[in-house]
Structures are given as C-alpha cells and as structure tokens.
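One structure below.
What's counted below: heavy atoms across the whole structure, side chains too, no hydrogens, waters or symmetry copies.
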Amino acid sequence: MRMIALRTARAGVLAAALMVATGTTSALATNDPGLSQQWALTGAPSSIHAPEAWCNGQGGVLVADIDSGANFSHEDLQGKLIPGNAYLGGNGDITGSGEAAVTDDNGHGSMTTGIMSAVTDNGKGIAGVAPASQALIVKVLKQDSSGEATGTANDVAAGIRWAADQPGVKVINLSLGPDVHVPLSGLTNPVPPAIHYAVGTRHVMVVAAAGNQSGQSSDYKSETDEALVVGATNHDGYKASYSQPGNIYAPGGDGDQPSDKTWVISTGSKSSTAYLMGAGTSLAAPQVAGTVALLMGNGMSAAQARQRVLDTAVSRNGVRQLDAAAALGSSGCAASQAPPPSGHLNTAPTKKTTVAPKTPAASPPPPPPPSPSPEPSPTPSRLFGVVPDEGPD
C-alpha cells in the first residue's frame with residue numbers, strides 16, 4: 001500500500017486564510033496551512049462547504065470515535081482528545097482505559113478523529129469540520145500477527161454502548177466494518193442493536209461508513225432509518241468507484257494514484273507532525289459526523305440533526321451529497337479565500353508504507369491503551385479498515 005506523508009509547512013510559508021462573513025456574523029478565520037489542500041471542506045464540486053457552515057456554528061460537543069485510537073501527541077489534536085476505553089479481547093469486556101490504552105498504532109483512528117476535530121486556526125496542519133468539538137477515543141481494533149487491524153463485533157458493540165452512555169457524547173463516528181476484518185454479518189450480530197441503543201435509547205446520533213466493497217449493500221443497511229450511513233464521493237462529485245451505498249454521501253476521495261487533488265488529508269499517528277492522505281468511506285463518515293456535531297452544538301436533537309442533514313443534501317450525479325453550509329443555514333454567507341499560499345503542506349510518497357489497524361475513541365470518563373502498526377502493500381488501499389501510516393520524511 002502506498003501512502004503520502006505530509007510534512008508541516010516550512011517557516012515562512014504563507015498560510016491559507018479564510019474569512020467568512022455575513023453582516024456582523026463571522027466564521028472562524030483559519031490560518032491552517034493545509035486548508036488549501038482540504039478540497040473536501042471547500043473549493044471542489046463535492047465540497048461540504050464547512051467554512052461557510054462555521055458562520056452559524058462550530059460544534060462545541062463531544063464526538064466519540066470508535067476506531068483504532070488516536071495520536072495524543074499530535075500537534076493538531078492537542079486539547080481535543082479525551083481517552084476512553086479499549087475493547088480488544090473479543091468478548092466485549094474492557095481491556096484497558098486511559099491514554100496508553102487508546103493510543104493509535106495504526107493511523108486510521110488518528111485520521112478519522114482529525115477530520116472531525118483537528119485544532120483549527122492554530123497555524124498548523126489542517127482544519128476540523130467541527131472546530132470546537134472534542135473527541136472521546138474508544139479503541140476496538142488491534143494489530144494482528146500479519147500486521148492488520150482486526151476486531152470483533154462484540155467489541156465494537158461494547159464500544160458503541162459504552163460511548164453512548166458517557167455524559168456529553170452527542171455523536172458516534174463508526175468508520176469500520178468488514179474491511180477492518182470485523183465480522184459484522186450473521187444472525188447474532190450485536191452491532192445493529194448497539195446502534196439502536198445509542199440512537200433510540202440514548203439519543204446519540206451514530207454515523208457509520210457504508211463500506212468499500214462496491215456492488216454490495218452496506219452492513220449497516222438495516223440502520224439507515226435511524227442512523228446516517230455514509231457513502232463516498234470523489235473530488236468531482238461522483239460516487240467513488242469503491243463505495244457501497246449510503247443514505248448520505250460525503251467526500252472520501254478516489255483514484256489509484258495518491259494526490260492531494262483526489263485523496264483526503266488528515267492527521268497521522270507516527271509522529272507529532274505526521275499528516276496523511278487516503279481514500280475510503282472511512283474518511284467520508286467523519287465529514288458527516290462533524291456536521292452533525294455542528295448542528296447538535298446549536299441545540300438540535302440527534303433526530304433533528306439527522307433529518308436536517310438529509311433534507312439539505314444536494315442531489316448530484318445520482319446521489320444525495322452532504323452540504324454543511326446548507327444544513328447550518330449558512331448558504332448566504334459570502335466566503336472569500338485569501339490568495340493561494342506560496343506553499344502547501346509538503347507531500348512526499350512514503351517509503352514502503354505499512355498497513356495499520358484501527359481502533360475506537362472513547363468518552364470523558366475512562367481512558368484506554370494503544371495499538372500496533374502496519375505492513376507494506378503494493379497498491380494504495382481504501383482507508384476503511386486497514387491503514388498505512390508513516391511520519392514525515
């Protein structure tokens with residue numbers, strides 16, 4: 001698997017600046033150097049128009065990320081992460097709590113968390129879809145002897161239920177499925193009931209990645225009546241070639257040649273300054289989860305936020321695509337982008353990248369441990385279950 005490692009901008013590089021204003025209301029002005037490469041947020045046919053959405057909300061709520069953990073030392077995640085529990089034993093029991101237990105050894109969880117909650121306007125890296133949100137890190141995947149991230153439906157379900165019970169959690173992001181070697185099908189699959197518990201009983205909105213096995217229905221199809229199941233679009237606003245169907249679509253990237261024009265950029269796990277790019281419904285789901293956080297931060301219930309996302313979606317190229325600005329009622333905001341920066345976050349193909357596992361993020365109370373690392377693969381893979389991660393060259 002090939003990946004692109006993004007290095008921090010060199011000193012002296014002009015940062016991309018974005019100011020959105022309407023009357024006396026101004027959106028967050030950002031000086032994040034990677035913003036100009038975040039086509040998923042702004043500047044492409046499939047963009048969700050996040051900067052305009054910030055005119056009317058920045059999502060000051062807690063989002064639980066059920067994944068491979070997160071990079072607590074990352075420069076763009078400082079103050080944003082709350083360590084939760086790890087569920088890695090296969091039977092749904094807690095195997096650890098705290099930062100060490102939920103540290104990301106894979107890269108996948110750090111990417112999904114960064115898309116939602118990266119520190120915005122700090123002059124470093126990228127901007128998060130919900131700038132004022134925090135992420136509760138719940139880890140449910142661990143690396144096996146082959147270097148892949150694996151988990152069980154029992155552990156995933158336990159992570160969902162625990163996160164839904166934590167004070168302050170409003171949204172759960174679930175960027176995992178069979179692609180992560182989690183068997184989610186079968187007569188006794190505990191994951192759908194866990195999602196139903198989170199949404200129906202705890203009133204926490206669950207956002208799940210539809211999957212990257214084009215031609216098949218999503219494993220979360222049964223949950224489309226209460227959850228948001230997210231398919232992926234490419235840069236130009238078409239359904240991504242790998243995407244399984246969802247009830248909403250968001251930028252996930254596409255293409256076999258990694259590029260900041262075709263893949264999605266986020267925070268990595270191998271160092272405090274690692275930035276990665278990838279493609280997959282895993283990276284589309286947090287775009288939706290971040291938008292739900294914006295809406296719930298403005299006082300909407302989970303059900304209201306879900307319906308708002310669906311009602312304001314843009315029908316484009318045969319699929320219903322996320323529009324965060326329309327969801328926030330910010331379509332009238334006039335966004336003005338400063339002149340292009342003299343340089344971007346530096347990108348360089350990684351050496352032989354390794355495939356890493358993904359684990360979840362947890363909520364305020366308890367905190368969990370870390371996960372292992374990946375193994376090389378010849379072709380770029382969709383970041384849905386296994387993700388390669390390598391720090392800056």
Side-chain angles (χ1 to χ4, degrees), residues 3-7 9 13-20 27-28 30-54 76 111-112 114-116 118 120-121 125-131 230-243 248-268 275-291 313-314 316-317 319 321-327 330-331 333 335-347 380 382-383:
M3 286 295 295
I4 294 292
L6 303 183
R7 293 193 287 272
V13 171
L14 295 177
L18 181 70
M19 172 65 81
V20 182
L28 191 64
T30 70
N31 60 6
D32 302 289
L35 179 65
S36 62
Q37 292 167 279
Q38 289 184 276
W39 58 266
L41 269 58
T42 186
S46 62
S47 298
I48 67 171
H49 309 298
E52 290 92 333
W54 299 336
D76 227 3
M111 291 192 77
T112 57
I115 288 170
M116 296 183 289
T120 302
D121 198 32
I126 62 171
V129 173
V230 188
T233 57
N234 63 19
H235 174 279
D236 295 325
Y238 290 88
K239 180 181 177 181
S241 61
Y242 54 82
S243 180
I248 187 72
Y249 287 74
D254 204 353
D256 289 335
Q257 296 303 315
S259 161
D260 64 358
K261 301 282 193 297
T262 57
W263 282 20
V264 175
I265 295 172
S266 191
T267 48
Y275 294 87
L276 301 177
M277 60 177 64
T281 56
S282 281
L283 306 183
Q287 314 272 349
V288 176
T291 302
V314 176
R316 183 187 297 121
N317 302 320
V319 293
Q321 301 184 29
L322 176 68
D323 188 330
S330 310
S331 55
C333 288
S336 64
Q337 177 117 25
S342 61
H344 292 236
L345 285 177
N346 298 315
T347 62
R382 311 299 173 197
L383 294 180

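Nearest heavy-atom pair, Ser330 versus Glu52, reported as atom, atom and distance to 0.1 Å: CB-O, 3.0 Å. Across Met277 and Pro258, no two heavy atoms sit closer than the pair SD-C, 4.5 Å. Residues Trp39 and Thr233 come closest through the heavy atom pair CH2-O, 4.4 Å. Of all heavy-atom pairs between Ile126 and Gly114, the closest is CD1-O, 4.0 Å. Contact between Ser282 and Pro286 at its shortest, heavy atoms only, is O-CD, 2.8 Å. Of all heavy-atom pairs between Ala232 and Tyr249, the closest is N-CD2, 3.6 Å.
Screening Leu283, Ile265, Thr267, Val264 for a side-chain contact (heavy atoms from CB on, under 4.5 Å) involving Met111 leaves a single residue, Leu283.
Of the possible donor and acceptor atoms, none in the side chain of Trp263 sits under 3.5 Å from a partner among the backbone N and O of Leu276. The closest donor-acceptor contact from the side chain of Thr120 to the backbone of Ala118 lies under 3.5 Å. Although no hydrogens or angles enter the test, the distance criterion places a donor-acceptor pair under 3.5 Å between the side chain of Gln321 and the main chain of Gly237. Here the side chain of Asp323 pairs a donor or acceptor atom with the backbone of Ala325 at under 3.5 angstrom. No donor-acceptor pair under 3.5 Å is formed between the side chain of Asp254 and the backbone N or O of Ala240.
The side-chain heavy atoms of Thr262 and Asn234, taken from C-beta on, include no pair separated by under 4.5 Å. With contacts defined as side-chain heavy-atom distances shorter than 4.5 Å, the pair Asn317/Lys239 does not qualify. Using a 4.5 Å heavy-atom threshold, the side chains of Tyr275 and Ser266 count as separate.
In terms of the side-chain contact (heavy atoms from CB on, under 4.5 Å) criterion, residue partners of Ala40 (sequence neighbours excluded) are, by chain and number, Pro251, Gln287. Remark: His49 pairs with no residue by the ring pair (Phe, Tyr, Trp, His ring centres under 6.0 Å) rule, at least two apart or across chains. Partners of Asp76 according to the side chain to side chain donor-acceptor pair (under 3.5 Å) rule, which considers only residues two or more places apart in sequence or in another chain, are Asn122. By the side-chain contact (heavy atoms from CB on, under 4.5 Å) test, Ala324 is found to be paired with Ile48, Ala53, Thr291, residues two or more places apart in sequence or in another chain being considered.
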